[in-house]
Amino acid sequence: MDFGLGERSERLRAETRAFLDEVLTEELLQECHRSGVNHHPRFSKAVSERGWLALGWPIELGGQGRSPLELLAHNEELQRRNAPTYGIGTTMMVAQVIALLGEPGLKELIIPRALAAEIVIALGFTEPENGSDAAAAATRAVRDGDGWTITGSKMFTTNAHIADYVFLLARTDPEAPKHRGLTTFLVPMNQPGVEIQAVRTLSGERTNITFYNDVRVGDDLRIGEVDGGWKVMGAALAREHSGGFVGEQQRLLTDLLAWAQETTGPDGRHRIEDPAVTERIGRIRTEIEVSLLLQRRGAWLGSEGLEVRGKGSMAKLFSTERLERQAAAVLELTGPDALRSRDEPTALRDGGFEYAVRHAKGTTIYAGTSEIQRDIIAQHALGLPRPT
Ligand SMILES: Cc1cc2nc3c(=O)[nH]c(=O)nc-3n(C[C@H](O)[C@H](O)[C@H](O)COP(=O)(O)OP(=O)(O)OC[C@H]3O[C@@H](n4cnc5c(N)ncnc54)[C@H](O)[C@@H]3O)c2cc1C
């Protein structure tokens, strides 16, 4: 049994590392930190020029036809270095859905610009009154001549303020059962009736609440069938639910090791000689191994064309809940010194420990909360019925 990702993946990993050394400057990371925006146009452009925005897409669609294992090696490195990839991720996820289900005109309009990192697409699923149950969307789209009029609001529309479009889930048939009366649209953000208000979160990440007040959308910007939006969402969410957060754990451990090797305790000995520290390091390292293996198994199943549902959820659930626990444990070890944040000149590891505690919480919420991941695992790994 071989748990490695293979030679091609390791070659891509090395290339990714070299690329990040060159492109992911301290200045660029600082800009992202200050704005709270997990997207940077210069970084996205550089990824695009390298041909890496659509690594896993078929070559004829503008991708590189790479395997899920290669993609994973690449993504492990991006996450380990905290690269600003959220905008890239949402944009390419929607572009891929359009490549699969969009009309030819829509493909032509979006895909070349997405591949060139010229546009950003935000996700508009969650609403103020419903998030986990996205199918309960109340935002309305009503037929209006040759187009549609959208009315409603979406919560946590991350990157809406820099986005060209929002991928919006709207109710088109209020009489139909909730999963059957939905349609998805690509709504241009720069138009009358679209209102964006900033929402600052615990981790410092900026997200938004967005309002749609009689916003016009042409029928050419509809994705998939009228009232067939849940099928489109299925294609989109299949990708969102499958990721883990191993890179974040690795970054935390690297910082912890450096702190333990560089710092001395009250007895003058290096922290790394303290059994309480080594015990934590051993535990975190083991949890990283399990997270990594769960994530790699998901990628391997994908590469073999086998069922991933439930397995991706295990990787997401385990890695995010462990990250949360690890960050708290590290803060306990490093004490009040770790409470200083990035902009403080004396902050430990550039504020990395303090940031990890704040950021870990969000990872257990977005892309499906821990409770929802457990439901998915119960259904797909154990065959239990869907909760009503
Ligand atoms: C920083 C951040 C960025 C985000 N970015 C985006 C974005 O770009 N686009 C977007 O559309 N959304 C985004 N989200 C929204 C995110 O996907 C939702 O927060 C998440 O799906 C949960 O929805 P909710 O907040 O409405 O909570 P709710 O669904 O109201 O859940 C509240 C609580 O009830 C639990 N719960 C709900 N249903 C069940 C169930 N069936 N069984 C058991 N427990 C349940 C949940 O786990 C949670 O603990 C973002 C969220 C955050 C925090």
So, [X] versus [Y]: side-chain donor-acceptor pair below 3.5 Å or not?
X    : Y    : result
H270 : T264 : no
Q249 : E287 : no
T158 : T207 : yes
R251 : Q79  : no
T172 : T183 : yes
E195 : Q197 : yes

[X], [atom1] atom: more than 12 neighbouring heavy atoms under 6.0 Å:
X    : atom1 : result
D267 : CG    : yes
K361 : NZ    : no
E60  : CD    : yes
R143 : CZ    : yes

- Item | side-chain contact (heavy atoms from CB on, under 4.5 Å) evaluation trace for K311 with H380 | CA-CA 8 Å; K311 307 295 192 303; H380 295 287; over 6 Å; no
- Item | Q295 side chain to G244 backbone, donor-acceptor under 3.5 Å | yes
- Task: Kindly assign one of parallel, tilted or perpendicular to the pair F43 and F19, based on the angle between their ring planes and the thresholds 30° and 60°.
- Result: tilted
- Task: Determine the interplanar angle of the W52 and H74 rings, folded into 0 to 90°, and report it as parallel if under 30°, tilted if 30 to 60°, perpendicular if over 60°.
- Result: perpendicular
Does the side chain of [Y] come within less than 4.5 Å of [X]'s, by heavy atoms?
X    : Y    : value
L5   : E76  : yes
T149 : R140 : no
D164 : P188 : no

- Query: Are F167 and F125 an aromatic pair by the rule of ring centers under 6.0 Å?
  - Reply: yes
- Which of R200, R206, E205 passes side-chain contact (heavy atoms from CB on, under 4.5 Å) with S203? It is E205
- Task: Please determine if R297 forms a cation-pi arrangement with W300, meaning its NZ or CZ atom is less than 6.0 Å from the six-membered ring centre and no more than 45° off the ring axis.
- Result: no
